[in-house]
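Everything below concerns the one structure shown next.
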Protein chains: 2
Amino acid sequence: MTAHPDAPRSRRERPAKPALSRSGIVATAVELMRSEGLQRVTMRRLAQELDTGPASLYVYVRNTAELHAAVLDDLLGSVDLTPVTTPGDWQDRLVAVLTSYTDLLFAHPGLAQSALVARPSGERYLDLVEAVLALLAEGGVPGDRASWALDLLLQFATATAAEHAPRAGAASGDGTRAEDWDALAAAVRGATADTRPQLAALGADLLAGPGEARLAWGFRVLLNGVLHTPR
Amino acid sequence: MTAHPDAPRSRRERPAKPALSRSGIVATAVELMRSEGLQRVTMRRLAQELDTGPASLYVYVRNTAELHAAVLDDLLGSVDLTPVTTPGDWQDRLVAVLTSYTDLLFAHPGLAQSALVARPSGERYLDLVEAVLALLAEGGVPGDRASWALDLLLQFATATAAEHAPRAGAASGDGTRAEDWDALAAAVRGATADTRPQLAALGADLLAGPGEARLAWGFRVLLNGVLHTPR
DNA sequence: ACCTGAACACCGTTCAAGT
DNA sequence: ACCTGAACACCGTTCAAGT
């Protein structure tokens, strides 16, 4: 009897098949997202990457939503929170933190979309919340307003990033966003002073302006609004 | 040879099989959404409802995103725009219009989620845009600010509704939202004055308050902010 | 306890072929 | 032009069975 000649060989066919673990799964998911995009971070595709079947992942992750939430929290580790402890105007520093958060989500808009629907509660997210609250407190925003302002600010940032998500099932090329924009632009051009006077009057101005400036203006609007609006 | 005995019978087995048309497809999609929810408004399920195969729908609708956009525009027909031409404070009337829009989306949060990603450009949507711009103009908001304010207001309303969307692939029962909330509440309770002082200080206040009041406050924050923030 | 094969119940979209 | 059957290439999740 020759001793099991296959078992040792098959073990060496792939570089390594490390034991599954939640952190390993999440790390692989992050890698997969960076290389192929969030739309490929599915239970099945991820299992394939980990050399196992999809069912195995359910031991460590409740479902796809939880997986995406874990990926998001991992990513949030690279939000720049240093402005919190830097000298300078509190509003400028708050906008800096929020901009860092938004930039990060812009790179992964699908994740922003998840965050909008599945309320995050990971450690990194809590760090971000703490940072925003600290700056609002420094600015003298009363606690009751700060609680709600926090949501407003993060929701604005998250939604703005989510708007750039590829639509589910869209072809990889994704001219789909440009098509939407063209359709809206055509509709605006189609407005006349008779039918839709406001639209006709504003015209191109309605669609103009770089996203960056709109984002910054939005943050300022929210901060000014919060300072002028008691609960 | 007996003459095709099956053909006439099969024609009468179902009440009627009307010819396909874009408006018929959209109308059926709206019905289907009201009876089974947006998650069931898929090309395949809709085709089944129309007694045909999914491929047939692609003659009238480019893809699923366009189908959902058409359903949304149909729904937008019931936004109450009468406050535009009513006497009274312009801000109150604007908030009334926006609240009507938001209430509508709250009933179909999945649609709000689509609207966030696929910019609407339907007739009903343009009517809403025109209404909001008319009220901003009445309030003396300069055109350049009004253009951006429009986006801010509609995005806030849409995102707030989208937050209540059921997560993709969640079980029908959907205790999933409550679970998220519990997780966040637990995380907030876990904050101490040492680790996350701001979070600990605000505590329950952070999660308190009815959605309705938060929404109304949010609209006021945006309006006050817009009035105080030049571009 | 952890892991898995296999199944269940679905998806969107395309395309060659028919009428 | 309009419509379709069939296929391609996927999904999430569960469950009984194995180790």
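In what follows, chains carry the letters A, B, and so on, assigned in the order in which the sequence lines appear, proteins first and then strands, with residues in each chain numbered from 1. Just so it is clear, the model here is predicted, and its values are computed rather than measured.
The interatomic distance linking B:Glu66 (CD) with C:dT13 (C1') rounds to 14 Å, in whole Å. For the pair A:Gln39 CD and D:dC10 C1', the computed distance is 13 Å after rounding to whole Å. The nearest whole Å value for the distance from the OH atom in B:Tyr58 to the C1' atom in D:dC2 is 17 Å. Rounded to an integer number of Å, the gap from CG of B:Leu57 to C1' of C:dT13 is 12 Å. We find that CD of A:Gln48 is positioned 14 Å from P of C:dT4, with the value rounded to whole Å. Straight-line distance from the CG atom of A:Leu67 to the P atom of D:dC11: 13 Å, rounded to whole Å. The CG atom of A:Leu46 sits 16 Å away from the C1' atom of D:dC10 (whole-angstrom rounding). Taking atom CE on B:Met43 and atom P on D:dC8, their separation rounds to 21 Å, with Å as the unit.
Residue B:Ala55 places its side chain closer to D:dG5 than to any other of C:dG5, D:dG5, C:dT13. The nucleotide whose nearest atom lies closest to any side-chain atom of A:Ser56 is, among D:dT4, C:dT4, C:dT13, C:dT4. Closest to the A:Thr52 side chain, of the nucleotides C:dT4, C:dT14, C:dT13, is C:dT4.
Position along DNA chain C of the nearest nucleotide to B:Arg44 versus A:Leu20 favours A:Leu20 as the more 5'-ward residue.
D:dA16 is paired with C:dT4 under the Watson-Crick or G-U wobble criterion, all donor-acceptor distances under 3.5 Å. Base pairing analysis places D:dA9 opposite nothing; no Watson-Crick or G-U wobble pair with both distances below 3.5 Å involves it.
A distance-only check finds a donor-acceptor pair linking the side chain of A:Glu130 to the backbone of B:Gln198 [under 3.5 Å].
Remark: the separation of the C1' atoms in C:dA7 and D:dC11 is 14 Å, to the nearest Å. Rounded to a whole angstrom, the distance from the C1' atom of C:dA16 to that of D:dC2 is 15 Å. A distance of about 22 Å separates the P atoms of C:dC8 and D:dC10, rounded to the whole Å.
Backbone-only contact: B:Thr42 has heavy atoms under 4.0 Å from sugar-phosphate atoms and none from a base.
A side chain to side chain contact (heavy atoms under 4.5 Å, CB included) with B:Leu104 holds for exactly one of B:Thr99, B:Leu75, B:Asp80; it is B:Leu75.
Taking the six-membered ring for Trp and thresholds of 30 and 60 degrees, A:Trp217 and B:Trp148 have ring planes more than 60 degrees apart, a perpendicular arrangement.
Regarding contacts with the backbone of C:dT13, a side-chain N or O of B:Thr64 is found under 4.0 angstrom from either OP1 or OP2.
B:Phe219 has its ring centre less than 6.0 Å from the ring centre of B:Phe156.
A:Leu76 CG to A:Arg124 CZ: the interatomic distance, rounded to the nearest 0.5 Å, is 8.5 Å.
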